[in-house]
Amino acid sequence: MSVRELFRRRLGKESVSPRASLQDDLMKHLARREFMHFIPSRFNIYYLGAVAAAGITAGLLIFSSPRTDRQKTDNNKAVSSDTVEINVFDIQATLPIVVREDNVTGKRITDVEKAGKERSALSHTGTKEARDTGLVIEAAVTGVVDSMKSKGLFVPSRPGGMKLQDSYMNGTALFELSVTKGCAPLRIHFTNNAGSVDSCRWTFGDGGYSDEINPDWIYDVDGEYRVTLKVFNSDGYHASSSARVTVFPKPEARFEISPQEAVIPDDRIRFMNYSSGAVHYRWDFGDGDTSILFEPVHKYKDYNNYDVSLVAYSEWGCADSLTVHNAFSDSKYFIEFPNAFIPNTGGSSGGLYSSKSDEVAQVFHPVYSGVTEYQLKIFSKLGVLIFESNDINTGWDGYYKGQLCNAGVYIWKVRGSFINGEPFVSMGDVTLLRSP
Amino acid sequence: MMRDRQIIDGCAKHDRKAQQELFRQYSRFLLGVCLRYATDKAEAEDILQESFLKIYFNIKEYSGTGSFQGWLRKVAVNTAITHYHKNLKYRYHVDIDEYVSEETGVSSFEEDLFTSEELYMVLSELPSGYRMVFNLYAVEGYKHKEIAEMLGIDTNTSKSQYSRAKAALREKLTRLGRIKKSYGADEQ
C-alpha cells in the first residue's frame, strides 16, 4: 500500500478523544463569543448596553432632582396630612434649646397628644419612603408623649427615657453620608447634622465605631452594613438614626503574557487573562492600541519597552488594574543562518531576497529579530573574501564578480548588535547547491 | 441521541443542549482531522475549539444537501489552514536534511504495520508546509490547483512539496518499521 493510501485509509476517518476539560473550555469560549454577538435568545452585549442605557437614564432622572427637594416633599406630605407631626420635628431639630421654652412646648404637647393615635401609621409611611432614598430609619417615637404628659414639660424623668428616632430633622436625617454604595475598599465621610449635641457614637456595622463628630470610615470587606448614629446631650436625651451602606466586592485583574520571552515586534503576543470577579476588560498595550476582548492577541509594530495594563471591571462597575512595566524586556533577539541555498543560475540578483526567492532558497541570508547593526562576510575555503554586506536586506546570491560560484562549502562570519544593545558575533558554513 | 437535523436546527437557535450534543457526537472525529494538521495534540485542540466556534456561528450556512460530516470536516480543514497561515514564520526554511532526502525508503507498506498514534507522530514531524500539502492532497483529496489557492502558493510548489513530503514520510516509516521489527525480534 502506498504512503498516500496508507494515510488516507488509516487517518481519513480516525477519531481521537479530546481532553476531558475541552468541552467546558469550549462552552466558556462560546458563551463569551455569543455575548459579543446579537442573539435574541441570549443575554448579550447589546442587551447589556440597553440595560446600561436604561440604568443611566433612570439614574439621571433620579439624581437630577436634588435630594433636599425630595425630602422637603416628603415633609410637605406630612404637613398636609398631619400638622402635629411637623411640630414634633421642630422639637427634635432644636432638641437641646426648645425643651426649656415653656410656652412653646406647652402648646406642642397638646398637639402631640392629639396626634397620638395617627402616629404609628404615619411613621410607617415615613420609613417606607426613607427606604426608597437609600436610608433606613426607625421612625417610631417612643416615650415622647408619655413623658410630656406626665411632666407638662418636655423633660424626661430619667436619662434615656426619651428616645427620639426619626429621619427628619428639619427634613434631613441625623447624618449624611458622602456615598451609600461603592466598591471595596470604600471610604465614606459621615457628616453629623444633629446640631449641638454633647456627644455622639457611630457604629459602622462592621464592628467599628467612632466618637468623632464627622468621622471617616473605610470598609475593606464587601457586604451590606448598617450605620447607626446616636447623639446625646447632657440632659440624657438621645436620638439615633441609621443608614444602609452597600460595599461591592473588588475584582482582581491578573494576566500573563505569552510567549514569556516574546520577541517584539515579530511575535504575535497573546494575553492570558486570569482575572477574577470581573465581567469587562480593557487592555492597554502601551503602544496606543487598546482592546476590550477577554484574551486579546496583539502584534506590536516596533521594538520598545511597553507597559501593558489591564483594567478589569465587575458587574457593579468596580475596577482593578494591573500594569506590567517593560513587559518585553526579556525579549529574545536572534540571528540565524541557513546551512544551504541554491543560487539562481539565470544571473545575479544583487542579493535582494523576498518570500518568493526564499521559496526556492536562491539567496543566502539570515532570519533574525531585533538586529540594528550588521556585517556579513563570506569566504571561500581558500580564505578569499567573496562577499560582504552591511545591509541585512542584502544577502548573497551565490555570485562573485558576476560569476556563479562553484557548488561547495563556504564560510560566513557575522557581527553586529541587537536593538537592546547586545552585540553578537557568529560564524559557520553554508553549502552552495546547484540545481539538479 | 439527537439526529443531525435536530442538532443543526438547535444549533441555529443557539440552543445549548444541541451545541453540546454536536460536540459529543463529532468532536472525536474532528479532532482526528485537526491532529493531522497540527504539530501536537494541544495545537490540534486549539484548532478543534476554533472550528467548533465557527461551526456554531455559521451552521446556517450548511445547505442541508451533502454530508453534514463532510461539511464539518471542511470547516475544520479550513480552520487548520487559517491557523497555519497565522502561525507561519519562515515557512520556506527547510532543513537541508529534509531537502535532499533521498528516496531510500520502501514504497509499499502493510496497512496494519503502524498504529494510528505512530502515523500521527510521523506526520507531526514533517515541516508544516509539507504536512499541509500532504494532508490536503493525499487524505482530503484536493487537487494541487485547489491546494495552491488555499495555501497561497504556486501549483508547482504544491506538487514538489507533496512529493518531498511523501518521500520524507516513506523514509520515516521505513525507519520506524525497521525499529519495530527489531523490537519484535527481541521479544521473541
I'd like to check the side chain to side chain donor-acceptor pair (under 3.5 Å) partners of B:Glu45; sequence neighbours left out, ordered by chain and number.
A:Arg19
Determine the option with the most heavy-atom pairs under 4.5 angstrom with chain A, choosing from B:Phe52, B:Phe57, B:Tyr56.
B:Phe57
Under a 4.0 Å N-O cut-off, is there an ion pair linking B:Arg16 with A:Glu34?
yes
Before accepting this row, confirm whether a basic side-chain N of the pair A:Arg33/B:Glu50 lies closer than 4.0 Å to the acidic partner's carboxylate O.
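Here A:Arg33 pairs with B:Glu50 in a salt bridge, since their nearest N and O are under 4.0 Å apart.
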Begin with the C-alpha distance, continue with both residues' side-chain angles, and end with the deciding distance and a verdict on side chain to side chain contact (heavy atoms under 4.5 Å, CB included) for A:Val16 and B:Phe29.
CA-CA 6 Å; A:Val16 180; B:Phe29 164 70; over 6 Å; no
Name the region of [X], side chain, backbone, both or neither, that has any atom closer than 4.5 Å to a heavy atom of chain A.
X        : answer
B:Phe23  : side chain
B:Tyr162 : side chain
B:Lys13  : backbone

Show the numbers, then the answer: is there a side chain to side chain contact (heavy atoms under 4.5 Å, CB included) between B:Arg24 and A:Gln23?
CA-CA 8 Å; B:Arg24 256 193 295 278; A:Gln23 185 170 5; 4.2 Å; yes
With distance as the sole test, does B:Ser108 use its side chain to make a donor-acceptor pair with the main-chain N or O of A:Met1 at under 3.5 Å?
yes
So which heavy atom on B:Leu173 is nearest to which on A:Leu6, and how close?
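Between these two residues, the closest heavy atoms are CD1-CD2, 3.8 Å.
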Could you walk me through whether B:Glu140 and A:Arg8 satisfy the side chain to side chain contact (heavy atoms under 4.5 Å, CB included) test, starting with their C-alpha distance in whole Å, then the side-chain angles of each, then the deciding distance to 0.1 Å, before giving a yes or no?
CA-CA 8 Å; B:Glu140 250 72 60; A:Arg8 173 176 282 184; over 6 Å; no
